[in-house]
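To keep things clear, I will list the structure first and then write my remarks on it.
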Amino acid sequence: MRASQYFLPTLKEAPSEAEVPSHIFLVRGGFIRQLAAGLYEYLPLGLRVLKKIENIIRKHMDDAGALEVLLPILTPAELWQETGRWDVYGKELFRVEDRKGRLFALGPTHEETITDLVRKNIRSYKDLPKNFYQIQTKFRDEARPRYGLIRGREFIMKDAYSFDVSEEMAVKSYEIMKETYNKIFSELGLDYLMVEADTGAIGGKYSHEFVVKAANGEAHIVYCENCGYAANVEAAKYEFELDKLPPEEEKPLEKVHTPNVSSVEDVAKFLGVSPKKIVKTLIYILSDGTAVAVLIRGDRELNETKLINYFNVNDARLATSEELEKMGLVEGFVGPIGLDLPVYADVSVQDLHNFVVGANEKDYHYINVNIPRDFKPIEFVDFSTAREGDPCPNCKAPLKETTGLEVGHIFLLGTKYSDAMKAYFVDKDGKEKPIVMGCYGIGVSRLMAAAVEQNHDENGIIWPESIAPFKLQILALNMKDEKIKEVAENIYKKAKEKGIEVLFDDREMSAGAKFKDADLIGIPHRIVVGKGVKNNVVEYQHRAKKEKEEIPIDKVDEFLEKLR
RNA sequence: CGGAGCGUAGCUCAGGCGGUAGAGCACUGGCAUGGGGGGCCAGAGGUCGGCGGUUCGAGUCCGCUCGCUCCGACCA
């Protein structure tokens, strides 16, 4: 491709709305443009990268026996109502109405559609297993789109759905996808982790996330360098047994005056005790309307995902000040003793002795509280958010924490959707059974951003070889110099003949501008044709490296052969 | 959805005391150049996000509204 005939609208300055490296460089390099919040246009250069990513995914999905389909973006509301997600999915679902007033959703994911297709067309165990996938635009009306391609309202996703006769077989399908995903992310050249995850709104029995390590990532991960355990902090088990305080003899319960002292830090300082001996009492309102009290040790953070999962509700939120007041509670001094609410406790509170809680009275706390002498929680549950330094649930070594971008997520769904939508098959024994499902997503457009987050320097992008828009870039530094032009044209012709994807910068611009553009765009291999032609040499440089190498013009052919 | 910031040329931004708008880069034509966004000359480009109000007069003041971004909540 000749740069003079291509479309390279590169920018010298970062657009004011861009904050993170991937957003800045993808816009500056002429890969994407923003149309509106969370909506991006893919320019020719950007689309080349996107297609490369898609094709790597496609190749591995096909190898794994998955079958590509293409489902409508519009999905009838009735399907969403069947599974109940028309209401559960909330405002994130883009809803549209046709001329007759029939409601549709712009698909944010396609469990409903694919399950409908399967229930209408698969009747027998002989038709199973099946795994269908598609690569398509998805729509989610994000409350806060951000970071360019990392979180858009319209984005490209590869979604796959497996259908099996039993959970045992579904686990096999799941394991095949796990392996396939590892192949895909390896080939993409990314530094990633596979982590245990929560299933969230998609639901299901268990799931794994694939997370690309990145400073700007929204996923919080703990991992163990010793045994390889890795999990999203939302899903990571908290190994409290190793974090317990030593046993103590019970002291008598005492109410103490703590004027204007309510936060854990303040109470700890005021009473001269460790935050580990203070127990927070949090009042949560579950989405079914019930209020519960949840206790957690002062140094731990409650994990709402674990709370929601435990109570099996759609949502949970902290009670507001007004609600606390209505219940007769004093904000900042809430405690479990004499509390007229169901009390649950995080495991961090188990076997804790002589601790501090609010006294349900302004400016008073109880000290030397002990379970079960002073109160008794209904149950001890793991509600704690995992964090750096916690013991690994497998091997007890201290966990490390990191942030990353979730680029893939696989779920063993079980029969959640097949039950709701009556997707049944007739088994060998002649009985009708629900099909057991799994679903598997990859954020294709987000991957493009993730690759840049992980591969850039101060001058621009350094594309991994497998997804670079071109493999080779030729810079002719002075197109008015006949010799330079001739040599460059010749190399370009040869590279094309060898089937190398090459971008030939034949534009009539200053040399400096060409170098800057080349660095920004980040094509891995670069041949510079400049004043060296007088000595019959051209220069080779890899985008990721500083060193330059001189190649005699008559050896260029061999050199290109190596690039093939 | 809560909190904050910002909308002026294609891009990045200045002007803000009310008196009819500027820079750099980009763009067009020309010249000289050609190894890291370099130089010179000439030119084109704006209902100052929108609506309404105050005023003789509004980019500037006031109200509303739309858009974009950031922090948080939420979310794959």
Side-chain angles (χ1 to χ4, degrees), chain A residues 8-20 23-24 27-28 30 33-39 88-93 107-111 138-148 150-153 155-159 197-204 207-211 216-219 232 234 287 304-305 308 314-318 320 404-411 439-447 459-460 475-481 484-485 505 507-520 526 528-534 538-539 541 548:
Chain A
L8 295 174
T10 54
L11 301 174
K12 231 182 223 186
E13 282 165 296
S16 59
E17 72 274 6
E19 292 280 325
V20 298
H23 191 191
I24 291 171
V27 173
R28 280 192 56 203
R33 284 292 185 265
Q34 182 177 38
L35 177 64
L39 305 181
V88 173
Y89 223 98
K91 287 189 167 180
E92 263 190 47
L93 198 60
T109 174
H110 278 74
E111 284 81 9
K138 297 285 190 261
F139 297 83
R140 295 186 191 174
D141 194 1
E142 290 289 340
R144 192 178 162 206
R146 61 179 137 182
Y147 301 150
I150 289 173
R151 179 171 298 277
R153 292 192 294 171
F155 59 99
I156 317 278
M157 181 170 164
K158 187 285 299 175
D159 49 325
D198 182 69
T199 55
I202 304 285
S207 79
H208 286 87
E209 282 176 348
F210 292 78
V211 174
N216 294 306
E218 295 173 307
N232 192 302
E234 289 180 348
S287 52
E304 287 187 7
T305 303
I308 288 164
N314 293 326
D315 200 12
R317 59 172 178 82
L318 278 170
T320 62
L405 287 167
E406 179 190 342
V407 290
H409 202 160
I410 60 178
F411 300 80
C439 75
Y440 317 92
I442 292 180
V444 180
S445 43
R446 182 183 277 182
L447 265 174
N459 295 317
L475 269 58
L477 292 188
N478 182 1
M479 284 302 282
K480 284 184 185 151
D481 181 307
I484 289 176
K485 188 176 173 189
D505 197 343
R507 295 174 297 175
E508 298 212 352
M509 293 168 37
S510 76
K514 289 190 182 184
F515 279 115
K516 288 288 183 191
D517 268 357
D519 285 347
L520 189 56
R526 180 188 303 175
V528 178
V529 185
K531 59 193 176 192
V533 294
K534 283 181 223 151
V538 295
E539 223 168 66
Q541 189 179 8
K548 295 167 186 171

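Quick note on labels: first sequence line is chain A, next is B, and so on, each numbered from 1.
Residues satisfying the side chain to side chain contact (heavy atoms under 4.5 Å, CB included) criterion with A:E234, sequence neighbours excluded, are A:D198, A:N232, A:N303, A:T305. Residues passing the salt bridge (Lys or Arg N to Asp or Glu O under 4.0 Å) test with A:R151 are A:E142, A:E218, sequence neighbours excluded. Taking the side chain to side chain contact (heavy atoms under 4.5 Å, CB included) definition, one finds that A:L318 meets it with A:L282, A:Y284, sequence neighbours left out.
A:R526 places its CZ atom 15 Å from the P atom of B:G35, with the value rounded to the nearest Å. The distance from atom CD1 of A:I24 to atom C1' of B:C11 is 14 Å, rounded to the nearest whole Å. To the nearest angstrom, P of B:C75 lies 19 Å from CD1 of A:I150. Atom NZ in A:K91 sits roughly 12 Å away from atom C1' in B:G2 (whole-Å rounding). Note: CG (A:D519) to C1' (B:G35) measures 13 Å, nearest angstrom. Look at CD on A:E92: it is 15 Å from P on B:A73, rounded to the nearest Å.
Nucleic acid contact for A:P108: none, since no nucleic acid atom lies under 4.0 Å from a heavy atom of the residue. Contacts of A:G530 with the nucleic acid, taken as non-hydrogen atoms under 4.0 Å apart, include base atoms. Base engagement by A:D517 is indicated by at least one non-hydrogen atom pair under 4.0 Å involving a base atom. Looking at heavy-atom distances under 4.0 Å, A:E234 makes no contact with the nucleic acid at all.
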> What one-letter contact string describes nucleotides 21-32 of chain B from 5' to 3', where B marks a base within less than 4.0 Å of any protein heavy atom, S marks contact via sugar-phosphate atoms alone, and - marks no contact?
Replying inline: ---BS-------
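Of all nucleotides listed (B:C1, B:G38, B:G35), B:C1 comes nearest to the side chain of A:A143. Here the nucleotide nearest the side chain of A:N478, chosen from B:G37, B:G34, B:C75, is B:G34.
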Going by atom type alone, with no hydrogens or angles, which donor-acceptor pairs under 3.5 Å involve a side-chain atom of residues 508-516 of chain A and a protein atom two or more places apart or on another chain?
{"from": "A:S510", "atom 1": "OG", "to": "A:A513", "atom 2": "N", "distance (Å)": "3.4"}
{"from": "A:K514", "atom 1": "NZ", "to": "A:A476", "atom 2": "O", "distance (Å)": "2.6"}
{"from": "A:K514", "atom 1": "NZ", "to": "A:D505", "atom 2": "O", "distance (Å)": "3.3"}
{"from": "A:K514", "atom 1": "NZ", "to": "A:R507", "atom 2": "O", "distance (Å)": "2.5"}

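At a cut-off of 3.5 angstrom, counting only N and O atoms as typed in the model, there is a donor on one side and an acceptor on the other between the side-chain of A:E539 and the base of B:G35.
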If you restrict it to nitrogen or oxygen atoms, what contacts under 3.5 Å exist between nucleotides 68-70 of chain B and the protein, and what is each distance?
{"from": "B:C68", "atom 1": "OP1", "to": "A:A37", "atom 2": "N", "distance (Å)": "2.7"}
{"from": "B:U69", "atom 1": "OP1", "to": "A:Q34", "atom 2": "NE2", "distance (Å)": "2.8"}

